[in-house]
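Chain identifiers are assigned alphabetically (A, B, ...) following the order of the sequence lines, protein sequences preceding nucleic acid strands; residue numbering begins at 1 within each chain.
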Amino acid sequence: MPTSRSVPASTPDRAGLARTLSNWFAHAARDLPWRAQGTSPWAVLVSEFMLQQTQVDRVIPRWTAWIERWPTPSALAAEVPGEAVRAWDRLGYPRRALWLHRAAVEIATLHGDVVPRDVQQLLALTGIGPYTARAVAAFAYGEHHPVVDTNTRRVLARAIHGIAAAGMPRSTDLDDMAALLPPDPAEAAVFNAAAMELGAIVCTARTPLCDACPIAAWCEWRGAGYPDNSPEKRPKQAKFEGSDRQARGRIMALVRRSAEPVSRDAALNAARGKHREPHDVTQPQRAYDSLIADGLIVELEGRAQLP
DNA sequence: TTCCGGGCTA
DNA sequence: TAGCCCGGAA
């Protein structure tokens, strides 16, 4: 790995980078519904929960229906958790539907039905971590915080550190971003969004569109000739086919679409899929048990249903 | 057909 | 640190 240059001394015109990127965002930003004027903090929070693991195009219809049905935290909190799981549909990682429901209960009961604006209070809510807490504070309330998601981390790695790909999250990510933020809170919020947007649609992981990049002139990675200097790759993701994840997803799909509780046998059969692969005979039961442990299904008299 | 992105919890 | 879901990109 090349020695990184002594950090800020020789780096040019950071304010120019921020200004240029924000100007680009003003015309290039996708027209996403949660970016509309007047979107409530709750609606912003819901969008961030959904976007934690799911691409924008798949989130939009679920988010729209969710906000229409549950326009406030207390509206969701009044439902049983299973309704949140069902409405989550196939967004993936359904534990997050449970967490969002729990967060709604916490906001309704502990915060007077008002989404907190303080990062520490946001972090204390179920399912909210460092990214989501700062995203809500910055985008819903205009608070001055660095917001760093995986897209921003990749932009920082390339533009600031000259490294082809971001590795594991670094302790310096938030400091790096904070150093770039304009002092004005509203401008800082725009810049946070702009950096994420650049990572999402231009500075992409696999095929970055460097010719179309508005901050190419500032990019250390480009300046170095696009070296293939990534640190170790992140551990490769296990195959989905044949995985416990897949088995869990199949059970959840069955339980979500069933108006009535389903028998345990039906659930275990669903876990096996069409091919009835016998490679791991313990998997269906393991998947079933793990869903119960996660609270995503409950079993009553040998029948499984949403909580 | 395979690969991989995405933040959080325990 | 591992585990979690699905769909679109390669």
Side-chain angles (χ1 to χ4, degrees), chain A residues 44-63 84-103 106 119 122-139 146-155 157 164-170 173-174 192 195-209 230 232-257 270-271 273 275 283 286-297:
Chain A
V44 171
L45 186 153
V46 172
S47 77
E48 294 297 347
F49 255 87
M50 292 180 170
L51 291 164
Q52 280 171 6
Q53 78 264 22
T54 309
Q55 298 88 339
V56 162
D57 289 349
R58 295 166 58 208
V59 163
I60 289 174
R62 293 294 103 226
W63 178 84
V85 175
R86 202 191 300 276
W88 195 255
D89 198 38
R90 291 195 287 182
L91 289 180
Y93 296 116
R95 287 185 298 184
R96 289 159 203 268
L98 283 184
W99 296 342
L100 179 52
H101 182 272
R102 271 180 222 148
E106 291 159 3
V119 167
L122 286 162
L123 283 170
L125 298 172
T126 300
I128 293 194
Y131 165 73
T132 307
R134 288 173 178 79
V136 170
F139 302 141
V147 181
V148 178
D149 74 343
T150 189
N151 288 307
T152 296
R153 289 184 46 246
R154 189 171 53 252
V155 170
M168 300 300 290
R170 309 163 155 220
D173 288 337
L174 284 175
N192 277 313
M196 276 192 281
E197 190 79 345
L198 187 76
I201 66 180
V202 175
C203 194
T204 53
R206 287 197 258 187
T207 318
L209 307 174
S230 305
E232 300 86 86
K233 290 179 179 174
R234 283 185 285 184
K236 199 178 59 171
Q237 182 177 111
K239 263 183 25 173
F240 181 63
E241 189 64 33
S243 66
D244 284 14
R245 287 176 173 181
Q246 185 182 44
R248 284 166 53 101
R250 284 169 170 161
I251 295 173
M252 287 309 299
L254 172 65
V255 174
R256 271 200 315 267
R257 69 169 178 265
H275 306 300
Q283 184 180 68
R286 184 169 64 248
Y288 184 87
D289 290 343
S290 74
L291 290 171
I292 290 180
D294 285 345
L296 281 164
I297 57 177

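In the set dC8(B), dC5(C), dG7(C), the nucleotide with an atom closest to the side chain of Pro94(A) is dC5(C). Comparing atom distances between the Trp99(A) side chain and each of dC8(B), dC5(C), dC6(C) picks out dC8(B) as nearest. In this structure, of dC6(C), dG5(B), dC5(C), it is dC6(C) that holds the atom nearest to the side chain of Arg90(A).
Taking atom CD of residue Gln52(A) and atom P of nucleotide dG7(C), one finds them 18 Å apart after rounding to whole Å. Between the P atom of dC8(B) and the CD atom of Gln53(A) lies a distance of 10 Å, rounded to the nearest Å. In this entry the distance linking CE of Met50(A) with C1' of dG5(B) reads 18 Å, nearest Å. Leu296(A) places its CG atom 11 Å from the P atom of dC6(C), with the value rounded to the nearest Å. Rounded to whole angstrom, the span from the CG atom of Leu51(A) across to the C1' atom of dG7(C) amounts to 15 Å. Remark: P of dG7(C) and CG of Leu91(A) are 9 Å apart, rounded to the nearest angstrom. Asp294(A) places its CG atom 17 Å from the P atom of dC8(B), with the value rounded to the nearest Å. One interatomic measurement links the two molecules: CG of Leu291(A) to C1' of dC5(C), which rounds to 11 Å at whole-angstrom precision.
The minimum heavy-atom distance linking Thr204(A) with Ile201(A) is given by the pair CG2-C, 4.0 Å.
Taking side-chain N and O atoms only, Ser243(A) has no distance below 4.0 Å to OP1 or OP2 of dC5(C). Using a 4.0 Å cut-off, some side-chain N or O of Thr150(A) falls inside it from OP1 or OP2 of dG6(B). Applying the 4.0 Å criterion to OP1 and OP2 of dG6(B), one finds that Arg154(A) has a side-chain N or O inside that range. Residue Ser290(A) places no side-chain N or O under 4.0 Å from the OP1 or OP2 atom of dG3(C).
Here Thr207(A) lies in heavy-atom contact (under 4.0 Å) with sugar-phosphate atoms only. Backbone-only contact: Asn151(A) has heavy atoms under 4.0 Å from sugar-phosphate atoms and none from a base. Residue-level contact check: Glu48(A) touches neither bases nor backbone, having no heavy atom under 4.0 Å from any strand. Backbone-only contact: Tyr131(A) has heavy atoms under 4.0 Å from sugar-phosphate atoms and none from a base.
A distance of 7.0 Å separates OG1 in Thr152(A) from CG in Asn192(A), rounded to the nearest 0.5 Å.
Remark: side-chain polar atoms of Thr132(A) are not paired, donor with acceptor, to backbone N or O of Gly129(A) under 3.5 angstrom. Panel note: side chain Arg248(A), backbone Tyr93(A); no donor-acceptor pair is recorded below 3.5 Å.
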Could you write out each protein N or O paired with an N or O of nucleotides 2-4 of chain B at a distance under 3.5 Å?
none

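Counting heavy atoms from C-beta outward, Met252(A) and Ile297(A) have side chains that approach closer than 4.5 Å.
Qualifying side chain to side chain contact (heavy atoms under 4.5 Å, CB included) partners for Ala137(A), counting only residues two or more places apart in sequence or in other chains: Val119(A), Leu122(A), Glu143(A), His145(A).
A donor atom on one side chain and an acceptor atom on the other are not found under 3.5 Å apart for Gln52(A) and Tyr131(A).
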Using residues 84-92 of chain A as the side-chain source, report each donor-acceptor pair under 3.5 Å to any protein atom, sequence neighbours left out, with the distance given to one decimal.
{"unit_1": "Arg86(A)", "atom_1": "NH1", "unit_2": "Arg256(A)", "atom_2": "O", "d": "2.3"}
{"unit_1": "Trp88(A)", "atom_1": "NE1", "unit_2": "Gly92(A)", "atom_2": "O", "d": "2.7"}

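Remark on DNA chain B: of its neighbouring residues Leu123(A) and Thr54(A), the 5'-side contact belongs to Thr54(A), judged by nearest-heavy-atom nucleotide.
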